[in-house]
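Here is the structure we will look at.
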Protein chains: 2
Amino acid sequence: MNVHIGVERSRVMPELDGGRQPSIRDVARLAGVSHQTVSRVLNDHPSIRPETKQRVIDAMGELKYRPNRAARTLVTSRSRTIGVLLATRGEYGPTSSIAAIEDAAREQGYWVTTANLPATTPEAIAEAVAHLREQDIEGLIVIAPQVRTFDVLAELALGVPVVSLQSAAGALRTEIADDQVTGARLATEHLISLGHREIVHLAGPRDWIEAESRMRGFLDAVNDADLMTHPPFLGDWTADFGYYAARELARRRDFTAVFAANDLMAIGLMHGFRDMGLDVPRAVSIVGFDDIPVARHVWPPLTTVHQDFRGAGRRTIALLLAEMGVDTGYADAPVAAHLEVRASSAPPIGAQVG
Amino acid sequence: MNVHIGVERSRVMPELDGGRQPSIRDVARLAGVSHQTVSRVLNDHPSIRPETKQRVIDAMGELKYRPNRAARTLVTSRSRTIGVLLATRGEYGPTSSIAAIEDAAREQGYWVTTANLPATTPEAIAEAVAHLREQDIEGLIVIAPQVRTFDVLAELALGVPVVSLQSAAGALRTEIADDQVTGARLATEHLISLGHREIVHLAGPRDWIEAESRMRGFLDAVNDADLMTHPPFLGDWTADFGYYAARELARRRDFTAVFAANDLMAIGLMHGFRDMGLDVPRAVSIVGFDDIPVARHVWPPLTTVHQDFRGAGRRTIALLLAEMGVDTGYADAPVAAHLEVRASSAPPIGAQVG
DNA sequence: GCGCCGCATGTGAACGTGCACATCGGAGTC
DNA sequence: GACTCCGATGTGCACGTTCACATGCGGCGC
C-alpha cells in the first residue's frame, strides 16, 4: 500500500485569473456570450443556435472547464446523490448487489455514498443516517436486513424515499417479496421429496428479515407435508457457527437433514458433522442458501438456493429512482430463485425415494 | 424488496417562510444575533459567549436547522468527499477493507463515494474517474489491483492525492509493501519445510499487482531453496478456474504441492484434484492465500496466509488523509501476514520431514 | 482620563450556478 | 406596414454559507 501520482494543480492555462477554477462566466467571456447561454448549453436547452453552442463547447474545452457541483446543488437543491446504509460484514450477496446499485445509479447520473453500520443499535443507525442526511441524499437504500433497523428508520422520518434491498420490513407498509420464502420452500421440498421426514432448520439470527422469510418458507413446506417440526436452531450466518451447531446437533441424532439459512453456515455444518463422524450426505443431508461461488467446490458440493444478487440490486435502484421520479427504463423481471442440486443432499439411509 | 417510509416534507414548524429549509439567517433571527454568529457557532469559533452560543443552539433545535453542505462546499471549495475506485467483484478481502475505509472516513467527517469499474479498459477507468471528479473528491482510493489501472490513472493527472490499497504500482513511484511478498514466501517455505521439492504456483492474472507480489514471494523462496521452478500457472482468482487448473495439472503429476495465489482458486483446486482421484493432502498439498472465512471449514481445512484486510483499509485511509493534510491520529502498525497451517498441507509421500 | 488591545459580534461581499424576466430581431398575419 | 409571436440571447438576483473587515465595549496601563 502506498502513494503515488502527485498533486499538480497549476497547469499552463489560457487565462486564469486568481488561480481559481474556471466558471461559466470565464467560459462565457471566452466564447463571447453571456453566462446564461453557457448554462443553457450545459443543460441542453432546446433554443440555442448550433453555432453558438459549438463556440461555447470549444471555450469549455480550452479552459478545461468543469461544472461546479456544489453551486449547482445549492441553486437546484438536488444533490443527485443516493445514500446506501449498510449493515453487512462483507457477505457475498450484498456486495454483489451494491455493485449493481452503483452501476445503475452512475448510469443515471447519480452518485452513491455509503455508510456502514458498526452495530444495529438505534444510536448507530441514527448516527449513520445523520451522516448521510448531511450529504443531502435524495434517496436511501437500506441493506441492513434487521427488522429493527426499519423501526428506527421509520422514526427518523428522513423525508426522502427509502427502499430496502431486503424483502420485507415488519413495522412498515409491506409486501413480502416471495423470492426468499419460495426459495426456502424449494430447498425444504427437495429434502422432503428425497424422503427426509426429520429436518432441522439452522436459521439466521432473530430479527433478520431474510432469516424470517427463509424460516417461513421452511415451515410452510414442512407443514404442508404434515411433518413434525423441530424448533429452528438460531445461528448468526457464520461458518464458525455452523461448525458449532453441527457439534450440538450431532448429539441429538433425531434428524436426517438440515436446511441452513445460508451457505456459510451450511459449509460450517458439513465441517462439524465430518469432525463428529457423520458423513454428508449419507448420514445427514445439507442444503444451503445463496449459492456463493465456493458452494459448488466444497466437499461435498453444496445443494443450495441460487439467488440473483445483481438483479436484486438493479431492481432496488430502479424502484428507488422511480420513487424519486426518475424514469430509468429498467424493467428487470425478478429472476426467480432456483435450487442448485448438488451432492450434499441425498435420500436418507433406508428410505425409498419418491 | 419494496418501499416504505413515506415522504413527509412539511411539518408544523415555528415560522417557515416559503416552505424552504431554515438557513443560518433564520436561526440568527430567532436567536437575535447575526448570521455570522451562527456560522461561528457552527464552526466552533473560540471567541463566542457561552450564553450566546446556547441561545443559537436552542434556535437551531427549534427550527430543526441542518447546515447546507452545498453552500458550504461552494464557498470553501472543500467537498469533504473521498472517492473509491473499485475493480473488484465482491471478493472477500476488498469488501472488508472498504468497510474500514468508510468507517474511518466518516469518523473524520468525510463522505465516501464509490465507482465500480465494469472493466479495466482505459475508457472505463476514465469514465469512472470523470464521475468521481465531478463530485469534487478531495482524494482517491484505488482498489483496482491491475497495474494498468495505475498507468491510466497517472495519465489522467487528476490533481488530488491518490492512494492504493494494493502494494505496488509499476509505473509509479513505488515502495513495495512486503506483506504480500513475505506472505507468499511463508507459504512456500512451509511447503518446502514439509519436504516438497516440486511445487507449482497457481498465480493470479498477469497485470495484477497482488498476483505479481505473491509470485515474487513464491519465486524468492523457491530460488533460495535451490529448487527447480515450474512455470507458474496463470489463473483468474475464481474457484471455477482452480477446478479447471486441477484437471490440467493432474495430467502432469510432476509436482507434489500447489501454492495458489488465493483461497478461492485453492478451494477449486482441491475440488478438481478430488474429482481426478488425487487426495489432498496425501497426493497433493495445497496452500492458499487470504484466509477467507470458509477456509477453515472446507475439506480438508485449508492452510493459507492470513491477511488483515480491515487493518489494511485503515492504513490506506490514514495514508490518504495524511496526504490530504488531515491528521487522523491513526498509527496502526501493519499486522504482518502469517500462515494458518491446517490440514491441506502435509509432507509428500515418502518424504522424511526436516 | 486617555489610548490601546482584545474579545464578542455585526456588515457586506463572494463563491458558481439556475431561474424569472427582459430584450431584440425576424418571420408570419391581416 | 403595424402587430403578434417565437426563437435566441442577456440581465439581475437568489441559493446558504464563509471570509475579510469593521465596530463597539470593557479593562488595563500610565
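Each chain gets a letter, A, B and so on, in the order its sequence line appears, and its residues count up from 1. Predicted model only: the values in this text are computed from it and were never measured. All heavy atoms count here, side chains included; hydrogens, waters and symmetry mates do not.
Rounded to the nearest 0.5 Å, atoms CG (A:L321) and CD1 (A:I101) are 10.0 Å apart. Note that CD1 of B:I98 is 4.0 Å distant from CG of B:L86, once rounded to the nearest 0.5 Å. Note that the CD atom of B:Q135 and the OG1 atom of B:T81 stand 5.0 Å from one another [nearest 0.5 Å]. To the nearest 0.5 Å, the span separating CD1 on A:I24 from CG on A:L63 amounts to 12.5 Å.
In this structure, CZ of A:R49 is placed 11 Å from P of C:dG26, rounded to the nearest angstrom. D:dG24 atom C1' lies 16 Å from atom CD1 of B:I48, rounded to whole Å. If you take NZ of B:K53 and P of C:dA8, they are 12 Å apart, rounded to a whole angstrom. For the pair B:N43 CG and D:dT17 P, the computed distance is 10 Å after rounding to whole Å. In this structure, A:H45 atom NE2 and C:dA20 atom C1' are separated by 13 Å, rounded to whole Å. Between A:R69 atom CZ and D:dT17 atom C1' there is a gap of 16 Å when expressed in whole angstrom units.
A donor-acceptor pair is defined here as one N or O able to donate and one able to accept, closer than 3.5 Å; such a pair exists between the side chain of B:H131 and the backbone of A:Y110.
The pair B:R55-B:D58 fails the salt-bridge criterion, with no side-chain N (NZ, NE, NH1 or NH2) lying under 4.0 Å from an Asp/Glu carboxylate O. B:E134 and A:R69 are not joined by a salt bridge, as no carboxylate oxygen comes within less than 4.0 angstrom of a charged side-chain nitrogen.
The shortest distance between the side-chain N/O atoms of A:S34 and the OP1/OP2 oxygens of D:dG10 is below 4.0 Å. Between A:T52 and the phosphate of D:dT9, there is a side-chain N or O to OP1/OP2 separation shorter than 4.0 Å. Not one side-chain nitrogen or oxygen of A:R40 sits closer than 4.0 Å to the OP1 or OP2 atom of D:dA8.
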When you compare the protein's N or O atoms with those of nucleotides 12-16 of chain C, which come within less than 3.5 Å of each other, and at what distance?
| residue | atom | partner | partner atom | Å |
| --- | --- | --- | --- | --- |
| C:dG12 | O6 | B:H35 | NE2 | 3.3 |

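Nucleic acid contact class of B:S39 (heavy atoms, under 4.0 Å, all strands): base.
Distances from the side chain of B:T37 to the nucleotides C:dG10, C:dG18, C:dA8 place C:dG10 closest.
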